[in-house]
Amino acid sequence: MSVAGITLKEMIVEYNKQSERYEVVLTEFDDSLSMDEQLNRIQLEISSGKGPDILAEAALQGANKTSYVKSGVFMDVTDFLASQGNLCKSVVDYNRFGDRLYGVPVSFDLNTMVTSKRIATDREKWTKEHCMQAMEESGASVFCGASYGWTKEEAGIYVLNLLGVGMDGIQLFVDEEKGISSFEQPEFIELLEFSKNHADPNPMDSGTEKIASGEIAYSTGSVGSFRSFWYWSELFGGEPSYIGYPGPEGGQYKLIIDNFYINASSLHKEGALDFLQYLLSEEQQRRIVEESVGFTVNQDLLKELWAEAKETILQEQVMETGGLRIEPRLMTEEEENIFWEMLERPVYYNWSNDIYDIVWDEVLPYYYGKKSAEEVAKTLDSRIQLYLDERK
C-alpha cells in the first residue's frame with residue numbers, strides 16, 4: 001500500500017465520514033519539487049517541532065530511524081501496539097529500539113528471489129557461491145532479468161545487488177557494526193566479473209519467454225498478495241522455488257513494511273492514534289488483503305485468511321501480465337508453509353540506502369569499460385571506508 005495509493009485515499013475519506021471528532025488531511029508530494037527537496041523540507045519541519053501529525057515511511061529522509069528516535073521526533077507507541085492484539089512479531093520489531101516501539105505498521109509485502117525447483121537447493125545452502133554455481137550449471141546465460149528501464153550496463157549493478165553488494169540487510173564486504181570496508185580483495189573482483197558476464201543485455205524486455213526457455217536463471221519480485229503466488233507459479237511452469245536472496249547463512253527474504261510514525265510534537269496525538277486504530281481494525285485489514293495491496297499485520301487474521309484461501313478462491317478476477325494469463329485458484333499448503341518461512345526469516349528493506357548509492361557511483365564505470373575491476377575495488381573500498389569512518 002503506497003503512501004498515497006488509491007486504497008489509502010479511500011480509507012481516509014471513509015474514516016473522515018464516520019469520525020465525529022477528527023479529520024485526516026492528506027498532504028501529498030509537490031510535483032514541482034525534487035524528492036530530495038521535499039524530504040529535506042519535511043526533515044527541517046519535524047526537527048524544529050513542526051510538520052505533519054502522522055509521517056509515512058517514504059516521507060522520511062534516510063533509512064536509519066535511529067537518529068529520529070534519539071532526537072525524540074517519534075512518539076512512543078509501545079502501549080498502543082500492545083493493545084492491538086496479536087500482531088506479526090517480525091513486522092512489529094522493525095520499529096523496535098531497545099524495548100520500545102516507535103512506528104505503527106499497517107501492511108507488509110515480502111520480496112524474494114524465485115527460480116525453478118531444478119535449479120534451487122535447500123534454503124540453508126543458498127549462499128552467494130552456491131547461487132553463482134547453480135546458475136553456471138543451469139546453462140542459463142543471464143543471471144536475472146533487470147528492472148524495466150535499466151540499461152544493460154546498469155544491469156550489472158543489479159546482479160551485484162542481488163548477490164549482496166549494496167543490498168540493504170545483506171551487506172557483503174561491509175561490516176557496518178565494526179566500521180570496516182573490505183572490497184579490495186579477489187572475491188569481490190570475481191563477483192564484479194561474474195556480474196558483467198551474466199547481466200541482462202536487454203532490460204527493456206520483460207523476459208517471460210527467456211525464463212521459460214531457461215535463458216534467464218532467476219527472477220525477483222514481490223509477494224504482496226495471494227495472487228502473487230499464482231503469478232510465480234505460472235512463470236515457472238508450476239514448479240517455482242521461493243529460494244530467497246543468497247546470504248552468508250542461506251536464503252533470506254526482504255520484508256517491506258508500510259509504517260506510520262506519529263510526530264512527537266503533534267498537538268493531535270489522540271486523533272492520530274484514532275486514525276491508526278481505524279487502519280488496524282479487522283475490516284480495514286481484511287480490505288488490504290482483499291484488494292491485493294499487502295498482507296495484514298494481524299497474525300490471527302492472517303492465519304484465518306490463509307485458511308480461507310485454501311478453501312475458497314478469494315479473488316476471482318483473471319489477471320494478464322507480462323504475457324501470462326493468471327487464473328484464480330485455491331492456495332496450497334506448500335505455499336502457506338513457504339509464506340510463514342519467509343516471514344520468519346526477514347531482512348528489513350529500506351528504499352533508501354547510502355552504501356548502495358556509493359556502489360552505483362563507483363562501479364558503473366567498470367561496466368562501461370572506463371575502469372578495471374581492480375581500480376573499482378580500490379576506489380570503492382576507499383570511499384565506503386570514509387563513509388563508515390564519518391558515521392562513527
Side-chain angles (χ1 to χ4, degrees), residues 1-33 35 37-39 41-42 45-46 50-61 73-75 77 80-81 83-85 87-88 91-92 94-95 101-109 222 224-228 256-302 304-305 308-309 314-317 319 351:
M1 189 167 63
S2 65
V3 174
I6 294 174
T7 299
L8 178 59
K9 288 181 178 179
E10 291 175 349
M11 287 178 171
I12 291 173
V13 171
E14 291 164 11
Y15 170 80
N16 289 340
K17 287 181 179 178
Q18 59 86 48
S19 177
E20 297 180 355
R21 297 186 61 191
Y22 308 108
E23 180 182 9
V24 175
V25 179
L26 178 65
T27 302
E28 298 191 70
F29 284 156
D30 185 344
D31 291 337
S32 67
L33 299 175
M35 179 65 76
E37 288 173 330
Q38 295 181 83
L39 295 182
R41 183 178 65 186
I42 293 173
E45 287 178 351
I46 60 178
K50 301 177 183 178
D53 299 296
I54 303 175
L55 297 152
E57 182 89 22
L60 299 174
Q61 186 183 58
V73 167
F74 295 155
M75 174 182 163
V77 291
F80 170 75
L81 289 175
S83 69
Q84 299 307 303
L87 303 183
C88 298
V91 177
V92 171
Y94 171 78
N95 295 302
L101 297 166
Y102 293 89
V104 177
V106 296
S107 68
F108 71 89
D109 289 9
S222 172
S225 68
F226 294 124
R227 68 170 57 188
S228 300
I256 305 171
I257 307 171
D258 282 307
N259 285 291
F260 289 92
Y261 303 89
I262 298 178
N263 189 338
S265 299
S266 171
L267 300 178
H268 310 287
K269 293 184 179 68
E270 289 186 6
L273 288 173
D274 190 68
F275 174 64
L276 295 177
Q277 174 77 64
Y278 177 80
L279 295 184
L280 290 175
S281 67
E282 180 173 338
E283 179 183 357
Q284 300 307 319
Q285 288 290 295
R286 275 185 173 272
R287 178 178 181 177
I288 285 169
V289 177
E290 290 169 357
E291 297 188 11
S292 297
V293 290
F295 285 106
T296 171
V297 299
N298 185 311
Q299 178 101 350
D300 294 334
L301 178 58
L302 193 51
E304 183 180 330
L305 289 171
E308 292 177 12
L314 301 179
Q315 300 155 326
E316 299 184 358
Q317 183 178 358
M319 179 174 64
W351 62 275

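Side chains included, hydrogens not; waters and symmetry mates left out as well; all remaining heavy atoms used.
Distance CD1/Ile12 to OG/Ser19: 12.5 Å, rounded to 0.5 Å. Annotation: the span from Glu290 atom CD to Thr7 atom OG1 amounts to 11.0 Å, rounded to 0.5 Å. The structure places CD of Gln277 at 4.0 Å from CD of Gln84, a figure rounded to the nearest 0.5 Å. Interatomic distance, CD of Gln284 versus CG of Asn298, reported as 13.5 Å (0.5 Å rounding). To the nearest 0.5 angstrom, Asp109 atom CG is 8.0 Å from Ser225 atom OG. Atom CD1 of Ile256 is separated from atom CD of Glu57 by 11.0 Å, given to the nearest 0.5 angstrom.
Remark: the Tyr15 side chain and the Glu10 side chain contain no N/O donor-acceptor pair separated by less than 3.5 Å.
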Review point. Could you walk me through whether Leu301 and Arg286 pass the side-chain contact (heavy atoms from CB on, under 4.5 Å) check?
Key: CA-CA 8 Å; Leu301 178 58; Arg286 275 185 173 272; 3.8 Å; yes
**Study point:** side-chain contact (heavy atoms from CB on, under 4.5 Å) between Leu60 and Tyr261, intermediate numbers included
**Key:** CA-CA 10 Å; Leu60 299 174; Tyr261 303 89; 3.6 Å; yes
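Atom CD of Gln18 is surrounded by more than 12 heavy atoms from other residues, nucleotides or ligands within 6.0 Å.
Ionic pairing of Lys9 and Glu14 is not present here: no N-O contact between side-chain nitrogen and carboxylate oxygen is shorter than 4.0 angstrom.
At a threshold of 4.5 Å between non-hydrogen side-chain atoms, the residues Met11 and Val24 do not count as touching. Looking at Asp53 and Ile262, their side chains never come closer than 4.5 Å, going by heavy atoms from C-beta outward. Residues Ile288 and Thr296 form no side-chain contact, since every pair of their non-hydrogen atoms from C-beta on lies 4.5 Å or further apart. The shortest side-chain heavy-atom distance between Leu101 and Phe74 does not fall under the 4.5 Å cut-off. Counting heavy atoms from C-beta outward, Phe108 and Val297 have side chains that approach closer than 4.5 Å. Side-chain contact between Phe80 and Leu280: present, with at least one pair of heavy atoms (C-beta onward) separated by less than 4.5 Å. No side-chain heavy atom of Asn95 sits under 4.5 Å from any side-chain heavy atom of Val104. Side-chain contact between Ile42 and Leu55 is present, with heavy atoms from C-beta onward closer than 4.5 Å.
Looking at every heavy atom in both residues, Gln38 comes nearest to Leu33 through NE2-O, 3.2 Å. In terms of heavy atoms, Asn263 sits closest to Lys269 at O-CE, 4.2 Å. Between Pro105 and Val91, the shortest heavy-atom contact is CB-CG1, 3.6 Å. Closest approach of Leu39 to Ala58, counting heavy atoms only: CD2-O, 3.5 Å. Taking both residues in full, the closest heavy atoms of Leu302 and Cys88 are given as CD2-SG, 3.9 Å, listed atom of the first, atom of the second, then distance. For the residue pair Asn16 and Glu23, the shortest heavy atom distance occurs at OD1-CA, 3.3 Å.
Aromatic rings of Phe295 and Phe226 (six-membered ring for Trp) have centroids within the 6.0 Å cut-off, being under it.
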